[in-house]
Amino acid sequence: MAMKLAVNALFGVQVAAVAEIISLLNQQGIPLNQVMATLKELPVTSPAVQGAGNLMITHAHAPLFPISLVEKDIRYGLELAKNAVEEPMPTLKAVQNVYQDAIAQGYGNDNITGVIQLFMQP
């Protein structure tokens, strides 16, 4: 269970970060397809994030791993961490806030990739 929560948390952090980066680069005038073409060539972009990024730029947010479940796994991971570490997990808590915002804005049933909608708003 702990490993599953850790893996899902890692994926959630990566997806939220790439959503912000895609949005930032798009706001700088770089077309979405060029953003993903470049990110795919970098060794720091995992295959899972490449797939998520492609879903983001094509606005494909059918619920494969809904945002509400991502937030739940992160919440459970943070609860688990309370009993395991002395220091809070600030990065994971910040990412949980992002997914909570997505839920509050009505994206909770969208796929995890739907988190980009928070950043692409006008």
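Along the sequence shown, the residues carry numbers beginning at 1.
Side-chain contact between Ile74 and Lys93 is absent, with no heavy atoms from C-beta onward closer than 4.5 Å. The side-chain heavy atoms of Val115 and Val98, taken from C-beta on, include a pair separated by under 4.5 Å.
Considering every non-hydrogen atom in both Ile67 and Asn111, the closest pair reads CG1-O, 3.5 Å. Taking every heavy atom of both residues into account, Pro63 and Asn109 meet most closely at CB-O, 3.1 Å. Annotation for Pro66 and Gly108: closest pair CB-O, 3.8 Å, computed over non-hydrogen atoms.
For Lys4, the salt bridge (charged side-chain N to carboxylate O under 4.0 Å, His left out) partners at least two apart in sequence or on another chain are Asp73.
Taking CD of Gln34 as the reference point, atom CG of Leu39 lies at 10.5 Å (rounded to 0.5 Å). Distance check, rounded to the nearest 0.5 Å: CD1 of Ile21 to CG of Asn26 gives 12.5 Å. Of the inter-residue distances, the one linking Leu55 atom CG with Thr113 atom OG1 reads 5.0 Å to the nearest 0.5 angstrom.
Criterion: ILVMFWY side-chain heavy atoms under 4.5 Å apart, direct or through other members. Under it, Ile112 and Leu5 are not part of a common hydrophobic cluster. One hydrophobic cluster, built from ILVMFWY side chains closer than 4.5 Å, holds both Phe119 and Val18. Placement of Leu42 and Leu10 in two distinct hydrophobic clusters is found when ILVMFWY residues are connected by side-chain heavy-atom separations under 4.5 Å, directly or transitively. Val95 and Leu80 are assigned to two separate hydrophobic clusters, defined by single-linkage of ILVMFWY side chains at heavy-atom distances under 4.5 Å. Under the 4.5 Å side-chain heavy-atom criterion for Ile, Leu, Val, Met, Phe, Trp and Tyr, Tyr76 and Leu92 are members of distinct hydrophobic clusters.
Checking side-chain atoms of Gln105 against main-chain N and O of Ala102 turns up no donor-acceptor pair under 3.5 Å. A donor-acceptor pair is defined here as one N or O able to donate and one able to accept, closer than 3.5 Å; no such pair exists between the side chain of Tyr99 and the backbone of Leu69. Thr58 contributes a side-chain N or O that, together with a main-chain N or O of Asn54, makes up a donor-acceptor pair within less than 3.5 Å. No donor-acceptor pair under 3.5 Å is formed between the side chain of Ser23 and the backbone N or O of Ile116. Under a 3.5 Å cut-off, the side chain of Gln50 and the backbone N or O of Thr45 do form a donor-acceptor pair.
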- Derivation and outcome, side chain to side chain contact (heavy atoms under 4.5 Å, CB included), residues Met56 and Leu32: CA-CA 9 Å; Met56 287 181 205; Leu32 294 174; over 6 Å; no

- For Tyr107 and Asp101, run side chain to side chain contact (heavy atoms under 4.5 Å, CB included): C-alpha distance rounded to whole Å, both residues' side-chain angles, the deciding distance at 0.1 Å, then the answer. CA-CA 9 Å; Tyr107 305 128; Asp101 288 348; over 6 Å; no

- Assess whether side chain to side chain contact (heavy atoms under 4.5 Å, CB included) is satisfied between Gln117 and His61, documenting all intermediate values. CA-CA 10 Å; Gln117 297 168 102; His61 308 308; 4.0 Å; yes

- Task: Give the intermediate values and the outcome of side chain to side chain contact (heavy atoms under 4.5 Å, CB included) for residues Ile22 and Met36.
- Result: CA-CA 8 Å; Ile22 289 171; Met36 282 313 302; 3.8 Å; yes

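Counting side-chain heavy-atom gaps under 4.5 Å among Ile, Leu, Val, Met, Phe, Trp and Tyr, Leu24 is found in no cluster with other residues. Cluster partners of Val7, by chain and number: Met3. The rule joins Ile, Leu, Val, Met, Phe, Trp and Tyr whenever side-chain heavy atoms lie under 4.5 Å apart.
Looking only at atom types and distance, the side chain of Gln96 has a donor-acceptor partner in the side chain of Glu71 under 3.5 Å away.
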